[in-house]
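Beneath this line is the structure, given in structure tokens, with notes to follow.
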Amino acid sequence: MRWLVLLLFACAPASAVVANAMQDADVVILGEVHDNPEHHRLQAEAVAALQPAALVFEMIPAALSAEADALHRRGAGRAEMAAALAWQEGGWPPFEDYAPIFEAAPQARIWGAGAPREDVRRAFSEGAAHVFGADAARFGLDQPLAAEEQAARETLQDDAHCNAMPPEMLGGLVAAQRYRDARFAQAVLTALEATGGPVVLITGNGHARTDWGVPAALAQAAPDLAVFARAHLEIPPEDTPPFDDWRVTAAAEREDPCAAFRSGD
């Protein structure tokens, strides 16, 4: 398996030292642009090389973890998996894009990390700590963000929503993101405790950020864990991005997501 891992990183912006860090991590977070099939192909390659004990998916509701795991264990087909997980109804790209990730680790246990939409909405309006509950402090949700970080995160949320959101809503979007980061971290820790690891989390690049995404939540909750985060990007970064490693691919073909907002100008 070692040569496979090293091959994976042959074109990466880091050395074999980074490849070893990924191989030796307790938790590996593989980011993505959700609708880019090439990112899922690269994630599947990494999972095949690592053969984790558990795979955690942002895209699977936490409530469906047991069902997803049972289907995976008996080798259910792609159509059956997609239907049982209500994949299309979740608004994700086609299950066919993600299926190779599941198939790359047939012995892995499966966990879902997705929070109910109503809880995410409540985090937006009521605050992440209030909705998360008793363990909020464990993941740092009881503490407000530094003003500079809050402003930076609101700017990113504004950009992600085509600069079309009322300014008073941006704080709620940041709160919802913090809530989801903590839920994903909680699912990873549950999977790690159950299997002994390593655990791979499949999630969006924003959640994979080492400065304030799931890695930061894990560092708060379990500081002794070895966590490695790799992003899959479509635009070459101008500066060092907040990941342990990253790959840059061609952008996926897609309609302009901001066109609908501009049409109302």
Side-chain angles (χ1 to χ4, degrees), residues 1-9 12 14 16-32 34 39-62 64-76 78 81 85 92 95 97-114 181 183-205 207-210 213-219 221-222 224-232 243-247:
M1 178 166 54
R2 183 181 181 84
W3 71 268
L4 285 173
V5 176
L6 295 177
L7 180 61
L8 263 173
F9 283 83
V17 173
V18 173
N20 290 337
M22 181 177 179
Q23 187 180 32
D24 294 340
D26 301 306
V27 177
V28 174
I29 300 172
L30 298 176
E32 64 182 48
H34 294 310
H39 293 183
H40 305 313
R41 186 187 69 78
L42 292 171
Q43 289 170 324
E45 285 188 2
V47 168
L50 293 169
Q51 288 300 305
L55 280 168
V56 180
F57 287 85
E58 170 188 352
M59 304 81 200
I60 299 175
L64 294 179
S65 290
E67 184 168 4
D69 186 51
L71 289 167
H72 184 65
R73 280 171 174 267
R74 68 172 175 80
R78 294 181 176 186
M81 285 279 288
L85 300 178
W92 298 106
F95 185 77
D97 290 353
Y98 287 85
I101 303 171
F102 289 84
E103 293 161 2
Q107 302 304 315
R109 298 278 305 279
I110 304 296
W111 264 266
D181 285 334
R183 283 296 182 205
F184 298 170
Q186 185 181 53
V188 165
L189 292 176
T190 299
L192 186 63
E193 182 178 0
T195 66
V199 176
V200 169
L201 170 65
I202 303 296
T203 189
N205 286 325
H207 297 293
R209 292 178 63 121
T210 55
V214 177
L218 289 171
D224 293 334
L225 283 184
V227 180
F228 186 95
R230 180 170 67 161
H232 294 95
F243 308 101
D244 297 308
D245 186 33
W246 62 94
R247 298 290 186 86

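We count residues from 1, following the sequence as given. These numbers come from the heavy atoms of this one structure, side chains and all, not from hydrogens, waters or symmetry mates.
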Problem set entry | side chain to side chain contact (heavy atoms under 4.5 Å, CB included) assessment of L225 paired with L189 | CA-CA 10 Å; L225 283 184; L189 292 176; 3.6 Å; yes

Exercise. For F95 and M81, what are the C-alpha separation, side-chain angles and deciding distance, and is it a side chain to side chain contact (heavy atoms under 4.5 Å, CB included)?
Worked result: CA-CA 9 Å; F95 185 77; M81 285 279 288; 3.6 Å; yes

Exercise. Side chain to side chain contact (heavy atoms under 4.5 Å, CB included) between V227 and I29: does it pass, once the steps are laid out?
Worked result: CA-CA 8 Å; V227 180; I29 300 172; 4.0 Å; yes

Problem set entry | Evaluation steps, side chain to side chain contact (heavy atoms under 4.5 Å, CB included), between T195 and W111 | CA-CA 11 Å; T195 66; W111 264 266; 3.9 Å; yes

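Counted within 6.0 Å of CD on E103, heavy atoms from surrounding residues, nucleotides or ligands total more than 12; the atom is thus considered enclosed.
When all heavy atoms of A229 and A208 are compared, the closest pair comes out as CB-O, 3.4 Å. Between R78 and P100, the shortest heavy-atom distance links the atoms NH2-CG, 4.0 Å. In terms of heavy-atom proximity, A25 sits nearest to V28 at CB-CG2, 4.0 Å. Listed here is the closest heavy atom pair of F102 and I110: CD2-CD1, 4.1 Å. When every heavy atom of A113 is checked against every heavy atom of A187, the shortest pair comes out as CB-CB, 3.8 Å. When all heavy atoms of A105 and L55 are compared, the pair lying nearest together is CB-CD1, 4.2 Å.
Residues D181 and H207 bring a donor and an acceptor atom of their side chains to less than 3.5 Å of each other. Residues Y98 and E32 have side chains that bring a donor and an acceptor to within less than 3.5 angstrom of each other.
Rounded to the nearest 0.5 angstrom, F228 CZ and D245 CG are separated by 4.5 Å. Rounded to the nearest 0.5 Å, atoms CG (L218) and CG (D224) are 12.5 Å apart. One finds the CZ atom of R183 at 14.5 Å from the CD atom of E58 (value rounded to the nearest 0.5 Å). Atom CD1 of I202 is separated from atom NE2 of H34 by 11.5 Å, given to the nearest 0.5 angstrom. The OG1 atom of T190 lies 11.0 Å from the CZ atom of R109; values are rounded to the nearest 0.5 Å.
The backbone N or O of A104 sits less than 3.5 Å from a side-chain atom of Q51, completing a donor-acceptor pair. No donor-acceptor pair closer than 3.5 Å links the side chain of D244 to the backbone N or O of R230. Counting only distance, with no hydrogens or angles, the side chain of D26 and the backbone of A226 share a donor-acceptor pair below 3.5 Å.
Contact of the V200 side chain with the L30 side chain is registered, since non-hydrogen atoms from C-beta on lie closer than 4.5 Å. M22 is listed as a side-chain neighbour of L50, based on a closest heavy-atom distance under 4.5 Å. Side-chain contact between I101 and F57 is present, with heavy atoms from C-beta onward closer than 4.5 Å.
In this structure, W246 has its ring center at least 6.0 angstrom away from the ring center of H232.
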